[in-house]
Amino acid sequence: MSGNTELLNFVYQNSQMGIESLSQLIELSDDEEFKECMEKQLEKYREFNKEARRLLEERGHNEKSIGMFDRLKTYLMINLQTMNDKSASRMAQMLIEGSSMGVTNALQDLRKYEDADTEILRLMRKLYKFEEKNVETYKAFL
């Protein structure tokens with residue numbers, strides 16, 4: 001698989017995980033301000049997902065979805081971690097951890113595939129900055 005495809009699949013999978021996690025957390029949250037924040041970020045993840053899919057299709061590739069095991073694991077972890085504490089603070093902590101992982105992985109991939117297509121690198125940098133901003137945004141809810 002080429003670096004271009006790897007990067008696009010990272011954006012696709014990262015945004016897919018964001019969509020699924022936020023959709024689940026929005027349903028669990030009672031804090032309207034926090035919900036509104038998550039809904040805005042959910043929309044942005046959908047945009048990243050759509051753009052990555054479009055670029056993959058333009059290059060003759062199919063998106064590589066997150067595996068069923070990882071989806072189930074994430075779903076169960078969210079339920080387990082919010083079972084006794086559905087506060088915005090707890091959910092913000094979880095989202096900060098997820099976005100921090102996204103920042104780390106994005107930076108590693110940007111360095112690994114620095115010779116990738118300019119348009120793909122631009123999308124990847126945009127996702128990287130978005131994840132960094134998410135960490136800062138969610139700190140307000142801790």
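Numbering starts at 1 and runs along the sequence shown. Everything quoted here is computed from the prediction, not taken from an experiment.
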With sequence neighbours left out, what residues match [X] under side-chain hydrogen bond (donor to acceptor under 3.5 Å, both in side chains)?
X   : value
E57 : none
S99 : E131
N4  : none

Y45 side chain to Q41 side chain, donor-acceptor N/O pair below 3.5 angstrom: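 Their side chains do not contain a donor-acceptor pair, so the 3.5 Å distance test is not met.
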Linking directly or through intermediates, with side-chain heavy atoms under 4.5 Å: list the remaining ILVMFWY members grouped with [X], chain and number order.
X    : answer
F69  : none
M101 : none
M68  : none

Taking all non-hydrogen atoms of both residues, which atom of [X] and which atom of [Y] are closest, and how far apart?
X   : Y    : answer
S65 : Q13  : O-NE2, 3.6 Å
I66 : D70  : CG2-CB, 3.5 Å
S23 : L42  : OG-CD1, 3.8 Å
E6  : Y113 : CG-OH, 3.4 Å

K44 to F48, cation-pi by 6.0 Å centre distance and 45° axis angle: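 Cation-pi check for K44 and F48: passes.
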Option passing side chain to side chain contact (heavy atoms under 4.5 Å, CB included) with E63 (candidates V11, N9, L55):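 Of V11, N9, L55, side chain to side chain contact (heavy atoms under 4.5 Å, CB included) with E63 is met by N9 alone.
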Please tell me whether [X] and [Y] are part of a single hydrophobic cluster in this structure, the criterion being side-chain heavy atoms less than 4.5 Å apart.
X    : Y    : value
L8   : I19  : yes
I120 : L127 : yes
L121 : L107 : yes
L28  : L95  : yes
M17  : V103 : no

Ring pair (Phe, Tyr, Trp, His ring centres under 6.0 Å) partners of F10, counting only residues at least two apart: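 Counting only residues at least two positions away or on another chain, F10 forms no ring pair (Phe, Tyr, Trp, His ring centres under 6.0 Å).
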Distance (rounded to the nearest 0.5 Å) between N62 CG and R53 CZ: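 Output value for this atom pair is 10.5 Å.
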Interatomic distance, Q81 atom CD to M91 atom CE [nearest 0.5 angstrom]: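 So the gap between those two atoms works out to 11.0 Å.
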CA sep, side-chain torsions, deciding dist, call: C37, T137, side chain to side chain contact (heavy atoms under 4.5 Å, CB included): CA-CA 8 Å; C37 179; T137 299; 3.4 Å; yes
Pairs meeting criterion salt bridge (Lys or Arg N to Asp or Glu O under 4.0 Å) with involvement of residues 97-118, two or more places apart: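 Residue pairs with at least one partner in residues 97-118: R59-D117.
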Pairs where residues 14-38 contributes a residue and the test salt bridge (Lys or Arg N to Asp or Glu O under 4.0 Å) is met, not counting sequence neighbours: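 Of all non-adjacent pairs touching residues 14-38, those that pass salt bridge (Lys or Arg N to Asp or Glu O under 4.0 Å) are E20-R71, E36-K40.
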Selection residues 14-34 - residue pairs positive for ring pair (Phe, Tyr, Trp, His ring centres under 6.0 Å), sequence neighbours left out: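 Ring pair (Phe, Tyr, Trp, His ring centres under 6.0 Å) check on residues 14-34 returns F34-Y138, F34-F141.
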Pairing residues for R90 by the salt bridge (charged side-chain N to carboxylate O under 4.0 Å, His left out) criterion, not counting sequence neighbours: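 Salt bridge (charged side-chain N to carboxylate O under 4.0 Å, His left out) check on R90 returns nothing, list empty.
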Residues forming a salt bridge (charged side-chain N to carboxylate O under 4.0 Å, His left out) with K139, sequence neighbours excluded: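 Expected list: E136.
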Polar side-chain atom of S15 near backbone of Y12 as donor-acceptor pair, under 3.5 Å: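 Checking the backbone N and O of Y12 against the side chain of S15, a donor-acceptor pair under 3.5 Å is found.
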Greater than 12 external heavy atoms within 6.0 Å of N84's CG: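 No, not enclosed.
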Check against side chain to side chain contact (heavy atoms under 4.5 Å, CB included), L123 and L7: CA-CA 9 Å; L123 180 63; L7 287 175; over 6 Å; no
Any L25 side-chain heavy atom under 4.5 Å of M94 side chain: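 L25 reaches M94 side chain to side chain.
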Min side-chain heavy-atom separation N79-Q24 under 4.5 Å: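 Of all side-chain heavy-atom pairs linking Q24 with N79, at least one is under 4.5 Å.
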Step-by-step salt bridge (charged side-chain N to carboxylate O under 4.0 Å, His left out) determination, E47 to R54: CA-CA 11 Å; E47 291 173 18; R54 181 186 69 78; over 6 Å; no
Full working for side chain to side chain contact (heavy atoms under 4.5 Å, CB included) between S29 and M38: CA-CA 10 Å; S29 180; M38 289 190 291; 3.8 Å; yes
